[in-house]
Amino acid sequence: QVELVQSGGGTVQAGGSLRLSCEAADHTRFNCMAWFRQTPGTEREAVATISGGSGTTFYADSAKGRFTISQERDMKIVHLQMDSLINEDTAMYYCAAGRKRAASCYDLGSRDDFAYWGQGSQVTVSS
């Protein structure tokens, strides 16, 4: 079992920015890393994914133009830069890694597509 450790998050006013980061505790390199988010009573939804090697990225429509997923150290660390935050971005954000049954990310994916998960980081956007 691989432990993913998240950092970042917090409370910001609407229009502001936050950055999330995620790294495996044992510095494992992954083929595919992603960020998901979830609010109470809803399904965990993919926000952005990034593929190792090609660096191909995928974004949810809600994230396009405002969020940027990036990686460091050959897919050992993943970041999510969130700009122009709005109230609807308030959620618990989760890092995910290790795409199942695939060599890399080929789409946003869903919760069942990933093997490992971070502990979650609360992001709250205030008016």
* Asked: Which atoms form the tightest heavy-atom contact between Gln122 and Thr90, and what is the distance?
  -> NE2-CG2, 4.0 Å
* Asked: When you check the side-chain N and O atoms of Ser104 and Asn31, is any donor under 3.5 Å from an acceptor?
  -> no
* To do: Identify the heavy atoms of Ala46 and Ala60 that sit nearest to each other, and give their distance.
  => O-CB, 3.5 Å
* Structure fact -> salt bridge (charged side-chain N to carboxylate O under 4.0 Å, His left out) pairs touching residues 53-68, sequence neighbours excluded, are Asp61-Lys64, Arg66-Asp89
* **ring pair (Phe, Tyr, Trp, His ring centres under 6.0 Å): pairs with one or both residues in residues 34-57, sequence neighbours excluded** => Phe36-Phe114, Phe36-Trp117
* Tyr93 reachable from Val12 in the ILVMFWY side-chain graph, under 4.5 Å edges -> yes
* Give a yes or no on whether Phe30 and Ile69 share a hydrophobic cluster (residues Ile, Leu, Val, Met, Phe, Trp, Tyr; joining criterion: side-chain heavy atoms under 4.5 Å apart). => yes
* Output the rest of the hydrophobic cluster of Val5: all Ile, Leu, Val, Met, Phe, Trp and Tyr residues reachable through side-chain heavy-atom contacts under 4.5 Å, sorted by chain and number. => none
* Asked: Which atom names give the shortest non-hydrogen contact between Cys105 and Thr49, and what distance separates them?
  -> SG-CB, 4.0 Å
* Structure fact -> Members sharing Ile77's hydrophobic cluster, built from side-chain contacts under 4.5 Å between Ile, Leu, Val, Met, Phe, Trp and Tyr, are none
* To do: Check side-chain contact (heavy atoms from CB on, under 4.5 Å) between Met75 and all other residues, then give those that pass, not counting sequence neighbours.
  => Arg29, Met33, Ile50, Gln71
* Contacts of Thr42 that satisfy side-chain contact (heavy atoms from CB on, under 4.5 Å) - sequence neighbours left out -> Gln38, Thr39
* To do: Apply side-chain contact (heavy atoms from CB on, under 4.5 Å) to Ser121 and list each qualifying residue two or more places apart in sequence or on a separate chain.
  => Gln6, Leu20
* Tell me whether Val123 is reachable from Tyr94 by hopping between hydrophobic residues (I, L, V, M, F, W, Y) whose side-chain heavy atoms are closer than 4.5 Å. => no
* Structure fact -> Contacts satisfying ring pair (Phe, Tyr, Trp, His ring centres under 6.0 Å) that involve residues 46-86 (not counting sequence neighbours) are none
* Could you list all the ring pair (Phe, Tyr, Trp, His ring centres under 6.0 Å) pairs where at least one residue sits in residues 5-29, not counting sequence neighbours? => none
* To do: Please report the closest heavy-atom contact between Asn87 and Ser126, naming both atoms and the distance.
  => OD1-C, 3.7 Å
* Asked: Pairs in or reaching into residues 45-59: which pass salt bridge (charged side-chain N to carboxylate O under 4.0 Å, His left out), with residues at least two apart or in two chains?
  -> Arg37-Glu45
* With sequence neighbours left out, what residues match Asp107 under side-chain hydrogen bond (donor to acceptor under 3.5 Å, both in side chains)? -> Arg99
* With sequence neighbours excluded, give me every salt bridge (charged side-chain N to carboxylate O under 4.0 Å, His left out) pair touching residues 116-127. => none
* To do: Check Ala48 against Leu80 and note the closest heavy-atom contact, atom names and distance.
  => CB-CD1, 4.3 Å
* How long is the span from the OG atom in Ser21 to the CD atom in Gln81, to the nearest 0.5 Å? -> 9.0 Å
* Would you name the heavy atoms of Leu18 and Gly10 that are closest together and state the gap between them? => CD1-O, 3.7 Å
* Asked: Just by distance, with hydrogens left out, do Asp26 and Thr28 show a side-chain donor and acceptor under 3.5 Å apart?
  -> yes
* Sub-4.5 Å side-chain heavy-atom contact between Tyr116 and Glu3 -> no
* Asked: Taking C-beta and beyond as the side chain, do Leu85 and Gln13 meet within less than 4.5 Å on heavy atoms?
  -> no
